[in-house]
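The structure under discussion appears below in the form of structure tokens.
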Amino acid sequence: MKKYLIAGNWKMNFLKNETIQFAKELSSKLENRALEQVELLICAPFTNFHYLQNNLSDKWSFGAQNMHFADSGAYTGEVSPLMLMDAGCEYVILGHSERRQYFGEDNELLTKKINSALNHKLKPIFCIGETIEERNRNITFDILNQQLEVLKNVEPDLLSNITIAYEPVWAIGTGLTATTEQIAEVHSWINNYLQTNLSTSLKILYGGSMNAGNSAEILAIDNVSGGLIGGASLKVDQFMQIIDNAINLS
Ligand code: 13P
């Protein structure tokens with residue numbers, strides 16, 4: 001039986017009032033759900049942590065979408081792992097394709113961030129995925145291979161605290177979801193990579209236009225341990241349906 005992780009990535013969305021309203025609605029809908037086999041997580045903007053925590057039940061875990069690798073210092077505009085822990089975060093998304101694309105995050109930086117998160121007992125959700133151009137050139141697995149190199153620089157004992165998120169860049173925010181076959185193929189490849197190169201098995205989430213309608217099919221695929229959900233995690237009914245599908249499958 002799988003224990004699913006259903007994680008919302010709110011990206012740069014929601015002000016105070018929307019956050020409070022969303023949290024209250026979601027909490028009331030979740031009241032009678034059996035959640036033993038499903039872990040629920042929201043990775044919100046820093047400014048919303050407080051409002052979420054005050055209005056969501058303790059069934060939820062919280063996470064950030066990025067962090068600096070240093071504990072403190074003269075890094076204007078950055079947030080440190082210590083600050084995230086202090087603010088009640090358990091998880092941090094690292095290496096999201098939007099951070100790679102718009103903020104130039106590369107393997108060298110991500111190695112520092114992942115190790116820093118792990119040393120502070122924050123659980124990284126490490127995102128990997130190919131662009132459409134890379135998929136069309138048949139180099140998807142070369143790209144994933146390069147991105148996963150980062151994990152070879154992690155203390156082996158700490159690897160088990162990492163969750164992988166496979167997010168094909170072309171499926172993010174586009175309404176295009178990878179097919180069941182594509183997801184099954186990549187997740188199985190990642191699982192083999194982890195076993196062969198790092199002697200470990202990790203949770204592997206799928207992300208990319210997951211929604212109420214396609215989530216049951218995606219979550220049922222072998223080696224899919226949950227979802228990292230963008231747009232649909234901002235809509236209570238959509239998010240609830242994804243959670244219900246995970247409950248029904250677990
Ligand atoms: P969408 O669900 O909006 O495609 O976003 C996926 C994502 O980037 C989650 O990290």
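We count ligands from 1, going down the list as the structure has it; atoms in each ligand are counted the same way.
With Y206 contributing its side chain and A178 its backbone, the two residues share a donor-acceptor pair below 3.5 Å.
Every atom of ligand 1 is numbered from 1 in the order shown, and the set under 4.0 Å from a heavy atom of G231 is 1 (P), 2 (O), 3 (O). Those atoms of ligand 1 that come under 4.0 Å of a heavy atom in G173, given as number and element, are 1 (P), 3 (O), 4 (O). With ligand atoms numbered from 1 in the order given, ligand 1 contributes 4 (O), 6 (C) to contacts under 4.0 Å with heavy atoms of G208. Every atom of ligand 1 with a heavy atom of S209 under 4.0 Å away is listed here by number and element: 1 (P), 2 (O), 4 (O). Every atom of ligand 1 with a heavy atom of G230 under 4.0 Å away is listed here by number and element: 1 (P), 2 (O), 3 (O), 5 (O), 6 (C), 9 (C).
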Expected list for residues 148-164: side-chain donor-acceptor pairs under 3.5 angstrom, two or more places apart:
| unit_1 | atom_1 | unit_2 | atom_2 | d |
| --- | --- | --- | --- | --- |
| E149 | OE2 | K152 | NZ | 3.0 |

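For Q195, the CD atom is densely surrounded, since the number of other residues' heavy atoms within 6.0 Å is greater than 12.
Ligand 1 has no N or O atom lying under 3.5 Å from any N or O atom of E98, backbone or side chain. Considering backbone and side-chain atoms together, G207 places no N or O closer than 3.5 Å to any N or O of ligand 1. Polar contact with ligand 1: present for H96 (N/O pair, distance under 3.5 Å).
Taking the side chain as every heavy atom from C-beta outward, K29 and L26 never approach each other to under 4.5 Å. Two residues are said to be in side-chain contact when any heavy atoms from C-beta on lie closer than 4.5 Å; M67 and V79 fail this criterion.
Cation-pi geometry between K112 and F69 is met: under 6.0 angstrom from the ring centre, within 45 degrees of the axis.
Residues V186 and V224 share a single hydrophobic cluster, defined by chaining ILVMFWY side chains whose heavy atoms lie under 4.5 Å apart.
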* Starting from the C-alpha separation in whole Å, work towards a yes-or-no answer on ring-ring contact (aromatic ring centres under 6.0 Å, His included) for F62 and Y91. => CA-CA 6 Å; F62 300 100; Y91 286 90; over 10 Å; no
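In the candidate list E167, Q238, M210, E167 is nearest to atom 9 (C) of ligand 1, counting heavy atoms.
The closest approach between a heavy atom of A171 and any atom of ligand 1 is below 4.0 Å. Residue-ligand proximity: A232 is placed with every non-hydrogen atom at 4.0 Å or more from ligand 1.
Of the protein's non-hydrogen atoms, the one nearest atom 5 (O) of ligand 1 is K11 NZ, 3.3 Å.
Residue contacts with ligand 1 for N9 involve side-chain atoms from C-beta outward but no N, CA, C or O (heavy atoms, distance under 4.0 Å).
Between W189 and Y166, the distance from one ring center to the other does not fall under 6.0 angstrom.
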